[in-house]
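Beneath this line is the structure, given in structure tokens, with notes to follow.
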Protein chains: 2
Amino acid sequence: MAVTMRDVAILARVSPKTVSNVVNDHPNVHPDTRARVQQAIAELGYRPNHSARGLRSGRTGVIGLAVPELKQAYFAELADAVIAAAAKRGLSVIVGQLGGDREHEIELLTHGLPQTDGLLFSPERLGTEDRDLLAYVDFPLVMLGEWIFGGPTDHVTMHNVSAARAAVEHLISLGRRRIAVIGAHPDDETRQLGPSNLRIQGYREALAAAGIEHDPRLERVVAPWHPEDGADAARRLIDSGLEFDAIFTLTDALALGALRALGEAGRVVPDDVAVIGFDNIAISHLTVPSLSSVDPGRAEIAETAVGMLAERIEWGAGSSRPARLHKAAFDVIVRESSGGTGSGTLGSSGRQSGAAAQTLNG
Amino acid sequence: MAVTMRDVAILARVSPKTVSNVVNDHPNVHPDTRARVQQAIAELGYRPNHSARGLRSGRTGVIGLAVPELKQAYFAELADAVIAAAAKRGLSVIVGQLGGDREHEIELLTHGLPQTDGLLFSPERLGTEDRDLLAYVDFPLVMLGEWIFGGPTDHVTMHNVSAARAAVEHLISLGRRRIAVIGAHPDDETRQLGPSNLRIQGYREALAAAGIEHDPRLERVVAPWHPEDGADAARRLIDSGLEFDAIFTLTDALALGALRALGEAGRVVPDDVAVIGFDNIAISHLTVPSLSSVDPGRAEIAETAVGMLAERIEWGAGSSRPARLHKAAFDVIVRESSGGTGSGTLGSSGRQSGAAAQTLNG
DNA sequence: CAGCGGATTTACTACGTGGTAATCAGCGCT
DNA sequence: AGCGCTGATTACCACGTAGTAAATCCGCTG
């Protein structure tokens, strides 16, 4: 059996409670006593029992992170950043994969993840119509992404509209006029605030601002957002015979597929078709040609989300503070696929900073 | 305060212990009683308190997975598979990132991850010289990868030697004779069983078996194994003026960089240089050209490792069963970078099955 | 109808920790 | 010396669960 406070207490000739006080850095412990206890702790190799601590205090020191799939690069990088941010605060992270299963997502929202103090949740299938679910959530929760917007819950997200707009404006600045967009989501009629709709909105705004006529046929619906889907969409676009000189894909994963499909069809990127993605996943600067993208500020998102969740946990279950919304700053990263350099050194790229980070309360 | 067994017991007019028996599917509970209790559980929305359960039973139902970095595609996909395999068994997974920090790795091995019943550990910096550490491990542990081989610990790994050999034999079968290898590890003089050494060994075996002279200058040392490093190594290889008509990179990440570097230098893949990687990460079939690779059997590795760990947890701390070693079956996936097709549909590829899975006891 | 054995249920308790409140030691002051 | 005060330490208990062993119930046998 493991070493307990009791064992330490006996060796240090104090009560278990004094050991507890030392471990928890309570004031009013005599320096000599503290030293003696610490000595005993070291000698016995005592480690606090987290289950017991959890039972007594109601905290586990573990937070949950729920994503669709870790094998999607975007979520892997998000998880990486979240785990790093949590570690800074002494929190561990249980990662759950929901695999785009709506039932699981609803179940998760009603019960939370066992063993955790709170949840960071990046849903895929929930929409505005599920907003009511949030009213009954009785554990600390921070949503990543914004499609259940306006509920009583904290949200950390990105500047989907303005970032998408900036990406398309970049394409326009290259002189492109027939700009296709791949990734509109079939569900999004009912999900006005889904990321796909917001990015599409940014796309339309950019066109409108530049006085470019909007051709609905250039908005390509596709789901889910795997590279294969991007390739399929690009092929259908090519086969459609529609003229186009640029593609904005709503994610980098889609762009990877699109790049392949364009290559197979003999369209040269960026000469014939400029391409820009969204997410700035790690491989995007390694594709051939390297992929321009929008960096949504992943580290900032993770840091902020973990911070908000830690605060909610700190405040306790009862407190009903107002929901907050944070949008991370973004960058447009120009690489070869839209005429940037970036061949010489893999890291080089043009960079256009977008809207500053902003946090709203209310 | 949350609903407890006590509350359920009162409502169902039974003792708390009976509720516990129902929850834990004990035999010898009268069907009527069971139904009444389940009714009460549903009515109150009772959920077991995992901390209390953990305290009482000594089990948390959580396992740890420690990897260098989740943002490396290989580890993200591994984590994906591990989480899925754990979920099948009702286990949650806390993911820890050690970032290639040797101190952290040693600390982890001495204390385990808090809040967990056991650990799956894929170290980066530990070597054969750290084997002694394993003697003092007092928690269930399964190592992923084999460089601390021969200790008292279960290992789940891949057929590094024969898989690498198969990859190189494939290149040879294309008629290539000047085959470079990128990824030899500088530390591996002292780590005879590091994956890099084992894969290099497979490379040499393949050359020897084919009667091809071994040119040490074609073995390129590089560390760490990020794509940038692969690009650097490939550039140095090109600049060296050495003649070569194929490259075997010890990981796909290195291959991604190598593909870029070759493209920049005007070498056409696979006509001038055939390339094959190792790991079969998801993007490898999306690169241009798509990347041939060795699929190390990730799902099998994850499944087996979680199974072994679950068994060790089941057996309890005291039992000192013999260490086991499992090597997953592998496949050589032939894609465009070594002359395969795979352009039409993204998924298509040649496939050559390697050694069957094998498990050794002792 | 007492008695038996297995099925079912229960009382009691400990798991390791930390909050509460009580106790105790030491010190300055009257 | 006696008092009150602060700092330091402690006894006691509860958190929610599940193991142990004892108690109770039920159907049947002799």
Side-chain angles (χ1 to χ4, degrees), chain A residues 1-38 40-41 44-62 111-112 114-117 139 316-317, chain B residues 1-38 40-41 44-62 90 111-112 114-117 139 313-314 316-318:
Chain A
M1 191 47 66
V3 180
T4 76
M5 282 193 169
R6 203 182 136 68
D7 304 320
V8 175
I10 291 171
L11 179 59
R13 279 165 297 131
V14 295
S15 75
K17 177 59 185 171
T18 298
V19 178
S20 169
N21 289 338
V22 170
V23 168
N24 295 308
D25 271 331
H26 270 236
N28 300 349
V29 175
H30 193 93
D32 295 353
T33 311
R34 182 180 300 275
R36 212 164 67 246
V37 170
Q38 278 164 340
I41 287 176
L44 297 175
Y46 166 76
R47 315 217 80 207
N49 178 316
H50 285 252
S51 287
R53 181 175 280 182
L55 173 60
R56 180 65 243 227
S57 67
R59 302 264 175 84
T60 64
V62 181
H111 292 308
Q115 288 278 40
T116 60
D117 294 336
F139 52 88
Chain B
M1 192 49 64
V3 180
T4 74
M5 281 191 170
R6 201 183 137 68
D7 304 319
V8 175
I10 291 171
L11 179 59
R13 281 167 296 131
V14 295
S15 74
K17 177 59 186 172
T18 298
V19 178
S20 167
N21 289 338
V22 170
V23 168
N24 294 306
D25 270 331
H26 270 234
N28 300 348
V29 176
H30 194 92
D32 295 353
T33 311
R34 183 180 300 274
R36 210 163 71 246
V37 169
Q38 277 164 340
I41 286 177
L44 296 175
Y46 165 77
R47 313 219 80 208
N49 178 315
H50 284 251
S51 287
R53 180 175 280 184
L55 174 59
R56 179 64 242 215
S57 67
R59 301 266 174 85
T60 64
V62 181
H111 292 308
Q115 288 279 40
T116 59
D117 294 335
F139 52 87
I313 292 169
E314 187 75 24

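Throughout, a chain's letter reflects where its sequence line sits, starting with A, and its residues are numbered from 1.
- Here A:Ser20 lies in heavy-atom contact (under 4.0 Å) with a base.
- Qualifying side-chain contact (heavy atoms from CB on, under 4.5 Å) partners for B:Ile10, counting only residues two or more places apart in sequence or in other chains: B:Arg6.
- Between the side chain of B:Arg59 and the backbone N or O of B:Ile313, at least one donor-acceptor pair lies under 3.5 Å.
- Taking atom CE of residue A:Met5 and atom C1' of nucleotide D:dC13, one finds them 16 Å apart after rounding to whole Å.
- Listed for the B:Gln115 side chain is a donor-acceptor partner under 3.5 Å among the backbone atoms of A:Thr60.
- Going from atom OG1 of B:Thr33 over to atom CD of B:Gln38 covers 11.0 Å, rounded to the nearest 0.5 Å.
- Shown here for A:Pro16 and A:Ala9, the closest heavy-atom pair between the two residues is N-CB, 3.5 Å.
- Residues satisfying the side-chain contact (heavy atoms from CB on, under 4.5 Å) test with A:Leu11, not counting sequence neighbours, are A:Ala40, A:Glu43, A:Leu44.
- Looking at residues two or more places apart in sequence or on another chain, you find a side-chain hydrogen bond (donor to acceptor under 3.5 Å, both in side chains) between B:Ser20 and B:Asn24.
- Whole-Å rounding puts the A:Asn49 CG to C:dG16 P distance at 7 Å.
- Look at A:Arg53 and you'll find a side-chain N or O under 4.0 angstrom from OP1 or OP2 of C:dG18.
- Following rounding to the nearest Å, B:Asp7 (CG) and D:dC15 (P) show an atom-to-atom distance of 11 Å.
- When the side-chain hydrogen bond (donor to acceptor under 3.5 Å, both in side chains) test is applied to A:Ser51, no partner is found at least two apart in sequence or on another chain.
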Please tabulate, one pair per line, each protein N/O and nucleotide N/O from nucleotides 6-8 of chain C that are separated by under 3.5 Å, including the distance.
none

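- The side-chain contact (heavy atoms from CB on, under 4.5 Å) check on B:Arg13 picks up B:Arg36, with sequence neighbours excluded.
- In terms of heavy atoms, A:Leu55 sits closest to B:Ala52 at CD1-CB, 3.7 Å.
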Identify the pairs formed between an N or O of the protein and an N or O of nucleotides 24-28 of chain D at a distance under 3.5 Å, and give each distance.
none

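- Distances shown here put every side-chain N or O of A:Thr4 at or beyond 4.0 Å from the OP1 or OP2 atom of C:dG16.
- Between A:Val29 and A:Asn21, the shortest heavy-atom distance links the atoms CG2-CB, 3.9 Å.
- Every side-chain contact (heavy atoms from CB on, under 4.5 Å) that B:Pro48 has, sequence neighbours left out, goes to B:Val23, B:Tyr46, B:Arg53.
- Where B:His26 and B:Ala52 each meet DNA chain D at their nearest nucleotide, the meeting point lying more 5' is that of B:Ala52.
- For A:Ser57, the side-chain hydrogen bond (donor to acceptor under 3.5 Å, both in side chains) test picks out no residue, with sequence neighbours left out.
- Computed from coordinates, the B:Arg59 CZ to C:dG16 C1' distance equals 18 Å when rounded to whole Å.
- Atoms CZ (A:Arg6) and P (C:dC15) sit 8 Å apart, rounded to a whole Å.
- Among pairs with a residue in residues 17-32 of chain A, those fulfilling salt bridge (Lys or Arg N to Asp or Glu O under 4.0 Å) read A:Asp25-A:Arg34, at least two apart in sequence or across chains.
- Between the NE2 atom of B:His50 and the C1' atom of D:dT17 there is a distance of 12 Å, given to the nearest Å.
- As rounded to whole Å, 21 Å separates atom P of D:dC15 from atom CZ of B:Arg47.
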Would you list the protein and nucleotides 10-13 of chain C atom pairs, both N or O, that sit under 3.5 Å from each other?
unit_1 : atom_1 : unit_2  : atom_2 : d
C:dT10 : OP2    : B:Ser15 : N      : 2.9
C:dT10 : OP2    : B:Ser15 : OG     : 3.3
C:dT10 : OP2    : B:Thr18 : OG1    : 2.7

Requested in this report: Represent DNA chain D in dot-bracket notation, 5' to 3'. Only Watson-Crick or G-U wobble pairs with both distances under 3.5 Å count; pseudoknot-style crossings use [ ] and interstrand partners use |.
Outcome: ||||||||||||||||||||||||||||||
